[in-house]
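Written out below as structure tokens is the structure these notes cover.
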Amino acid sequence: MAITGFGPAGAVAAALLGQAGLKVWVGDRLPDVHEIPRAIALDHEIMRVFQQIGVIDAIAPYFEPFTNSEYFGVDGQLIRRMTMVAPPYPQGYTPSLVFTQPPVERALRARVAELPSVTVALSTEVRQLRQDADGVTLDISCSDGSPARVRARWALACDGGASGLRGQLGIGLVDLDFDEPWLVVDVLANEQGLAKLPATSVQYCEPERPCTYVIGPANHRRWEISLKDGEDPREAATPERTWALLSRWLTPEDGTLWRQSSYRFHALVAERWRAGRAFIAGDAAHMQPPFLGQGMCQGVRDVANLCWKLISVARGEVQGKAAERLLDSYGAERQAHVRELTTRIKAVGAVICERDPVRARARDARLLAECGGVVRDTPRQDVLPPLETGLIHPTPGAGTLFPQPRLADGTLMDRRHGCGWRLVSDGRLPADALPGLALIDLVHEPEADAVVATWLHRHGVHAALVRPDHYTYGTAADRAGLDRLLDAWQRR
């Protein structure tokens, strides 16, 4: 496998494939990680993947729980509150987190460096990708400027929003109709500055200038500030203008600018995610507005979805036309999921970004009327859609992220039983052993907090077949349903 781009998505892909024993080459044009943060938020699904690749302990110091996000309307009144689901946490981790990206990326790269089947090439440019019936060839320029070639069975482009390989593959981007200029500012606030700032993250849904305030780890604070028509994005990113825009909250005596960059927030998705033996993932495949902090999450979801399928095909577990259908399901599943989540993110953005004062007041009145005048907590996780297509069996709960229970001895399920195919039951539908399928009976091996019992009860079932990326393939409420589920799984 040849991976271009050693950012978070590329690093996770290299780790997943490398720890499965596949031979991997991963290259990046930069000599090291970016030393400024870009992503600031992740969720518990991504932490479960980090657990899977063995970096949880290394990254833990750089994470903190995400505070509530409070939305304030035209006249400063509270109109919405985004929170996280209550304990016990269904994936085994705090559902919403903020983090410091550079050291987390270094920890990912350190894990990849431990894998003997993975070769890393930094300061390396991929010039051209060519395909034939048996594999792909990458023409590269090495760190010393010398040319070389890499031969692989497949290629994966994780080389960012301006992906050169996406262009070579002839893959276009579909515009999902969001394009706005914003200034993103990261500040390391001092004690004096911290005392001035809100105690929660805030969405200022003000027509004059919508903006977002995020409480990051330690003294890291982020603002996303919309720019008006006619404002020069380059001028906005100068220290003088940035401090002027921050003057509502801080002065230069209250902290240090870590980063200030002007961006156009886009909503884009690739028209296809596979071209022969080449795949795209991460920002190369999609971009979305940052209002729910899902950018890096989406890239990790991409590679978690793709890598178990590549591993199954590489090991010969799936062959022939079935192997091609399995690999094709990557793009079908992820494109549909990204489109739906982007639609939901745009709806959140529409609440924040209304510029017309009359319509903004109508929005505030509508949101308050919908909750009877009392703003209730809305967990961020409720916004995330399930898989609606691809490798799922149409039964209750299919396509949703399956919980990771903590077992009675405190061990998380994946640590005990691995991350292959798993049949998880409450003991009412015993199953015979099948090749490649772990059987997890929560009667004989009880869970500590009933997160699976609650999930099964909510869907009216007694067993769930879970994919290697932790999504539910299908469920069964009785013996006949379980037989149909397992038969469908084996045939597919």
Side-chain angles (χ1 to χ4, degrees), residues 12 15-22 44-57 88-93 95 111 115 300-301 303-312 314-315 317-318 326 387 391-393 395 397-459 461-476 482 485-486 488-490 492:
V12 171
L16 289 168
L17 296 170
Q19 70 183 16
L22 273 64
H44 54 183
E45 178 181 357
I46 308 313
M47 297 301 284
R48 191 173 179 182
V49 177
F50 287 167
Q51 172 193 316
Q52 182 175 345
I53 62 176
V55 297
I56 282 292
D57 292 341
Y89 295 143
Q91 298 300 316
Y93 296 94
R111 171 59 182 144
L115 301 170
V300 175
R301 287 190 192 103
V303 297
N305 182 300
L306 176 61
C307 285
W308 73 263
K309 298 172 181 178
L310 290 170
I311 291 165
S312 295
R315 289 175 172 171
E317 297 166 354
V318 185
L326 180 63
L387 296 177
L391 194 68
I392 54 176
H393 186 64
T395 45
T400 62
L401 188 63
F402 192 76
Q404 178 181 212
R406 195 170 292 278
L407 304 176
D409 64 359
T411 303
L412 289 166
M413 180 180 74
D414 296 354
R415 291 188 186 276
R416 176 71 51 80
H417 294 283
C419 298
W421 285 93
R422 291 146 285 174
L423 181 66
V424 185
S425 77
D426 60 8
R428 299 189 189 185
L429 301 177
D432 297 329
L434 290 170
L437 180 63
L439 302 179
I440 305 172
D441 184 333
L442 295 175
V443 170
H444 297 100
E445 192 173 20
E447 56 177 328
D449 299 313
V451 296
V452 169
T454 300
W455 190 95
L456 294 172
H457 178 75
R458 182 167 70 249
H459 293 289
V461 298
H462 296 293
L465 184 54
V466 184
R467 305 180 350 164
D469 58 0
H470 317 305
Y471 280 81
T472 307
Y473 171 76
T475 60
L482 181 58
L485 175 66
L486 293 176
W489 171 65
Q490 288 179 297
R492 293 190 71 177

Leu22 and Ala314 have their tightest heavy-atom pair at CD2-CB, 3.9 Å

Backbone of Val451 reached by a side-chain donor or acceptor of Asp449 within 3.5 Å = no

Taking every heavy atom of Leu482 against every heavy atom of Pro430, the minimum-distance pair comes out as CD2-O, 4.2 Å

Value for OH (Tyr471) from CG (Asn305), rounded to nearest 0.5 Å, stands at 8.5 Å

CG of Leu387 to CZ of Arg301, rounded to nearest 0.5 Å, is 10.0 Å

If you apply the rule side-chain contact (heavy atoms from CB on, under 4.5 Å), what do you find for Ile46 with Tyr93, and how did you get there?
CA-CA 10 Å; Ile46 308 313; Tyr93 296 94; over 6 Å; no

message = Could you check whether any side-chain N or O of Glu445 sits under 3.5 Å from a backbone N or O of Leu407, counting only pairs where one atom can act as donor and the other as acceptor?
response = no

Value for CD1 (Ile392) from CG (Leu465), rounded to nearest 0.5 Å, stands at 12.5 Å

Does a side-chain heavy-atom distance below 4.5 Å link Leu456 with Leu442?
no

In this structure, CD of Gln404 is separated from SG of Cys419 (nearest 0.5 Å) by 7.5 Å

Self-check item: Any donor-acceptor N/O pair, Arg416 side chain to Thr411 backbone, under 3.5 Å
Solution: no

Taking atom types as modelled, is there a side-chain donor on Gln91 or His470 under 3.5 Å from an acceptor on the other? no

Closest heavy-atom pair, Ala453 versus Glu447, reported as atoms and distance to 0.1 Å, is N-OE2, 2.8 Å

field: Pair Asp414 + Arg422: basic N to acidic O under 4.0 Å
entry: yes

Rounding to 0.5 Å, atoms CG (Leu326) and CZ (Arg492) come to a distance of 9.5 Å

On a heavy-atom basis, the closest approach of Gly397 and Thr472 is O-CB, 3.5 Å

Within the structure provided, determine whether Leu434 and Leu423 are in side-chain contact (heavy-atom separation under 4.5 Å). no

Sequence neighbours excluded, the answer for side chain to side chain contact (heavy atoms under 4.5 Å, CB included) partners of Pro468 is Trp308, Trp421

Output for pair (His417 NE2, Leu412 CG), nearest 0.5 Å, gives 11.5 Å

Sub-3.5 Å donor-acceptor pair from the side chain of Thr475 to the main-chain atoms of Thr395, do we have one? no

Hey, is the main chain of Leu401 close enough, under 3.5 Å, to the side chain of Glu45 for a donor-acceptor pair?
no

Discussion item. Using side-chain heavy atoms (C-beta onward) and a distance below 4.5 Å, is Met413 in contact with Val424?
Written reply: yes

Tightest non-hydrogen contact, residues Trp455 and Ala464, listed as CZ3-CB, 4.0 Å

Between Ala476 and Val461, the two heavy atoms sitting closest are O-CB, 3.3 Å

Quick note, side chain to side chain donor-acceptor pair (under 3.5 Å) partners involving residues 423-440, not counting sequence neighbours, are Asp426-His462

Quick one, Arg415 and Arg406 - any side-chain contact, counting heavy atoms below 4.5 Å? no

